[in-house]
Participant: 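Next up is a structure, given as structure tokens.
Index from 1, following the sequence.
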Amino acid sequence: MLIMKTKVFLQTYGCQMNKLDTTLVTESLQRAGYDLTNGIKDADIIVMNTCSVRRHAEEKVFSHLGHLKHLKENKPNLVVCVIGCMAQRLGAELLKSKAVDIVCGPTQIPQLTDLINKTLQQKQKSIAVTSQIRRKVSNGETQALEEFESVYDTDDKQLPNQAFVRVMHGCNKFCTYCIVPYVRGPEVSRPPNAIIEQVKKLAGQGVKLVTLLGQTVNSYKYTAGEKTYCLADLLYMAAQIDGIEWIRFVTSYPAEKFFDQICQAMADVPKVCKYLHIPAQSGSDKILKAMNRKYTAEQYLNLLDRAKSIAPGLAVAGDFIVGFPGETEDDFLATVDLLKKAQYKNCFIFKYSPRPDTIAEKNLPDDVPQEIKRKRNTELLTVQEKISGQLSSQFLNRQVKVLVEGLSKKPHLDTEKKIGLPQLIGRTAEDWIVVFNGTPDLAGRFAHIKITKTSPLTLFGELVNISRSGYRG
Ligand code: 5AD
Ligand code: SF4
């Protein structure tokens, strides 16, 4: 007799942390006997892993919940779970919606499978969030998260032979615009042995590139007995593991502490990718102060200079917020100036979005008009595009090594290059995107590509050969 399993559809919004949480939850649900489905209409359970970082991210979820309310009219037994940052932020308020059955915060994800089982049996709504998110995380919670993380491993499902490993939870920085400290709680670094065991296990499964994740990954700090471990220690230890060929880490906060050691690890260890995602957010000292970023534009640029001199060939990426309260044209010009000096490989630029109960939302009027925010966003992107174009053009006629990700999802410009083989996408150690033609079985392998054409964000080239390893040189 064919037994129909209960089917789950999962949808993720937001950052890499959320993607990782979704994979852990997926694994936990599968082990509990649930089946996955890619079709929302076939699902018995829908899990939405949500993001609160900007209003737009939340609006997408609300609009989706609106659709789900209709879906539920025809399918009364459908169970809808909202997990992640919005679940923590809005808690019981979300449960009032007809569409929602379960609300589960990021700290409670180890409980999600049980909550779903219970809701299916008892047909009752349920909620698990932290009541005082900034209190010290209890040992019990830390242990539950640690067990969950090590049992269900890590995010090795998205790209072949790549995996993401969380090294820390939460954030203690309290940038005045940011909701993260209020939804993901205080900084907690995971034990180095647990991280390294996880990386070893992944290497055993064929993983070649591991990306260490933290909101401020360079603040990683763990004391065991006499020794205090920092991110650089993790990099050296992970590099010892056979099979791991590239190691990346995101996202870094511009701070002095541990900085030189981390840069030194990039310089010393060929396996550590020379890539630093280090958001500046603004180039105006007045705005940086209002944002509670603990550096000036000059200190930030000095850090970058130091990083580039310790680890030559370093590629940097950044984030900026335009239209923060009080941002004048002069402040914006200071940002343009910093962006030019920093010579980023690429940048993520966001329009300021007031987040409820953050310090900026409570104390500073959102006084930069939408159209000015939009204009500054476009202007900054244009300046960055030029810089990215100049940096990428230096690759023309050179050979680069990439880890192949798989088929290129978007059609690319160089259709004339099509030679009967599909277009693949890969990335260099420094995170440059490379598109070339090749057979799909190259996914998960290292390849040398000769660059024949460049655009600001993408390099195009021809496959030269397949590489045995990812070491530089
Ligand atoms: N409005 C706009 N952008 C924001 N970010 C964080 N909070 C906000 C906000 N309230 C941006 C920052 C951060 C990135 C992940 O999102 O640039 O680095
Ligand atoms: Fe948010 Fe600042 Fe923490 Fe980054 S460092 S997560 S921007 S509070």
Side-chain angles (χ1 to χ4, degrees), residues 53-54 171 173-178 180 215-219 250-257 259-260 262-263 266 274-353 360 364 367-368 372-394 430-432 456-457:
V53 85
R54 278 169 291 278
C171 181
K173 292 287 186 282
F174 289 99
C175 302
T176 55
Y177 51 80
C178 185
V180 169
Q215 304 291 349
T216 60
V217 69
N218 52 331
S219 319
V250 287
T251 296
S252 296
Y253 183 91
E256 290 282 339
K257 204 169 176 194
F259 190 74
D260 287 6
I262 294 166
C263 294
M266 288 194 279
K274 288 185 180 175
Y275 171 76
L276 202 56
H277 179 209
I278 186 160
Q281 311 295 4
S282 171
S284 148
D285 290 345
K286 179 191 96 189
I287 297 295
L288 286 170
K289 191 147 189 265
M291 287 176 161
N292 192 32
R293 302 289 285 184
K294 307 229 158 89
Y295 50 86
T296 61
E298 190 185 351
Q299 285 166 336
Y300 176 85
L301 288 168
N302 285 343
L303 270 186
L304 283 195
D305 280 349
R306 236 174 43 230
K308 286 176 184 173
S309 73
I310 298 173
L314 180 76
V316 282
D319 293 1
F320 287 93
I321 296 175
V322 291
F324 186 79
E327 188 188 68
T328 61
E329 199 56 29
D330 279 352
D331 294 318
F332 175 66
L333 290 176
T335 297
V336 174
D337 188 52
L338 180 138
L339 181 138
K340 283 183 181 161
K341 288 182 175 141
Q343 291 287 299
Y344 296 106
K345 169 183 124 4
N346 68 304
C347 269
F348 303 95
I349 299 164
F350 306 101
K351 297 189 282 291
Y352 171 65
S353 162
L364 305 170
D367 56 2
V368 179
I372 305 270
K373 286 184 185 171
R374 217 172 299 135
K375 184 175 129 304
R376 291 180 184 166
N377 189 332
T378 313
E379 243 176 271
L380 212 52
L381 276 173
T382 311
V383 179
Q384 180 55 42
E385 194 172 308
K386 202 164 155 213
I387 296 167
S388 296
Q390 281 158 358
L391 291 175
S392 71
S393 68
Q394 295 169 8
E430 296 76 22
D431 203 46
W432 283 98
L457 292 180

Participant: Judged by atom type as modelled, is there a donor-acceptor pair below 3.5 Å linking the side chain of Ser388 to the main-chain atoms of Lys345?
Facilitator: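 Judged by distance alone, yes, a pair lies under 3.5 Å.
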
Participant: What pairs with Asp260 under side chain to side chain donor-acceptor pair (under 3.5 Å), at least two apart in sequence or on another chain?
Facilitator: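 Testing Asp260 for side chain to side chain donor-acceptor pair (under 3.5 Å), a comparison that skips the adjacent residues, returns Arg306.
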
Participant: Compare all side-chain heavy atoms of Phe259 with those of Leu276 and state whether any distance is below 4.5 angstrom.
Facilitator: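 Yes, their side chains come closer than 4.5 Å.
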
Participant: Side chain to side chain donor-acceptor pair (under 3.5 Å) with Ser284: which residues, sequence neighbours excluded?
Facilitator: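 Ser284: side chain to side chain donor-acceptor pair (under 3.5 Å) contacts with Asp331.
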
Participant: Could I get the full list of side chain to side chain contact (heavy atoms under 4.5 Å, CB included) partners for Lys375, not counting sequence neighbours?
Facilitator: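 Counting only residues at least two positions away or on another chain, Lys375 forms a side chain to side chain contact (heavy atoms under 4.5 Å, CB included) with Glu329, Glu379.
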
Participant: Output the distance between atom NZ (Lys173) and atom OH (Tyr253), rounded to the nearest 0.5 Å.
Facilitator: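 If I round to the nearest 0.5 Å, the distance is 6.5 Å.
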
Participant: Holding to side chain to side chain contact (heavy atoms under 4.5 Å, CB included), I want the full list of residues that pass it with Gln299, two or more places apart in sequence or in another chain.
Facilitator: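 Checked Gln299 against side chain to side chain contact (heavy atoms under 4.5 Å, CB included); matches are Tyr295, Thr296.
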
Participant: By ring pair (Phe, Tyr, Trp, His ring centres under 6.0 Å), which residues pair with Tyr352, not counting sequence neighbours?
Facilitator: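 Once residues adjacent in sequence are excluded, the partners of Tyr352 under the ring pair (Phe, Tyr, Trp, His ring centres under 6.0 Å) criterion are Phe324.
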
Participant: Determine whether a donor-acceptor pair (N or O, by modelled atom type, separation under 3.5 Å) exists between the side chain of Lys286 and the backbone of Gly326.
Facilitator: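 Yes: the side chain of Lys286 pairs with the backbone of Gly326.
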
Participant: I'd like to know if the side chain of Lys257 reaches the main chain of Ser219, judged simply by a donor and an acceptor atom lying under 3.5 Å from each other, with no hydrogens or angles considered.
Facilitator: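 A pair under 3.5 Å: no.
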
Participant: If you look only at pairs with a residue in residues 287-299, which of them pass as a salt bridge (Lys or Arg N to Asp or Glu O under 4.0 Å), with sequence neighbours excluded?
Facilitator: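 Salt bridge (Lys or Arg N to Asp or Glu O under 4.0 Å) check on residues 287-299 returns no pairs.
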
Participant: With sequence neighbours excluded, tell me which residues meet ring pair (Phe, Tyr, Trp, His ring centres under 6.0 Å) with Tyr275.
Facilitator: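 Not a single residue meets the ring pair (Phe, Tyr, Trp, His ring centres under 6.0 Å) criterion with Tyr275.
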
Participant: What residues, two or more places apart in sequence or in another chain, satisfy side chain to side chain contact (heavy atoms under 4.5 Å, CB included) together with Leu333?
Facilitator: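 If we apply the side chain to side chain contact (heavy atoms under 4.5 Å, CB included) test to Leu333, skipping adjacent residues, the hits are Asp330.
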
Participant: What's the separation between atom SG in Cys178 and atom CD in Gln215, rounded to the nearest 0.5 Å?
Facilitator: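 The CD atom of Gln215 is 7.5 Å from SG of Cys178, to the nearest 0.5 Å.
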
Participant: Looking at Gly313, is its backbone amide N or carbonyl O close enough to the side chain of Glu430 to form a donor-acceptor pair, meaning the two atoms are under 3.5 Å apart?
Facilitator: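 Side chain of Glu430 to backbone of Gly313: no pair is present.
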
Participant: Kindly write out the residues that satisfy side chain to side chain contact (heavy atoms under 4.5 Å, CB included) with Asn377, not counting sequence neighbours, or none if the list is empty.
Facilitator: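 Per chain and number, Asn377 pairs via side chain to side chain contact (heavy atoms under 4.5 Å, CB included) with Val322, Ile349, Lys351, Leu381.
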
Participant: From Leu380 CG over to Thr335 OG1, what is the distance, rounded to the nearest 0.5 angstrom?
Facilitator: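 Here the interatomic distance stands at 7.0 Å.
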
Participant: Excluding sequence neighbours, so at least two apart, what forms ring pair (Phe, Tyr, Trp, His ring centres under 6.0 Å) with Tyr177?
Facilitator: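 Tyr177 satisfies ring pair (Phe, Tyr, Trp, His ring centres under 6.0 Å) with no residue once adjacent residues are dropped.
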
Participant: For Ser252, is there any backbone N or O sitting under 3.5 Å from a side-chain donor or acceptor partner on Asn218?
Facilitator: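 Side chain of Asn218 to backbone of Ser252, a donor-acceptor pair under 3.5 Å: no, none is there.
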
Participant: Only pairs at least two apart or in different chains count here, so list each side-chain hydrogen bond (donor to acceptor under 3.5 Å, both in side chains) that has a residue in residues 317-326.
Facilitator: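 Qualifying pairs, neighbours excluded: His277-Asp319.
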
Participant: Of all residues at least two apart in sequence or in a different chain, which pass the ring pair (Phe, Tyr, Trp, His ring centres under 6.0 Å) check with Phe332?
Facilitator: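 If we apply the ring pair (Phe, Tyr, Trp, His ring centres under 6.0 Å) test to Phe332, skipping adjacent residues, there are no hits.
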
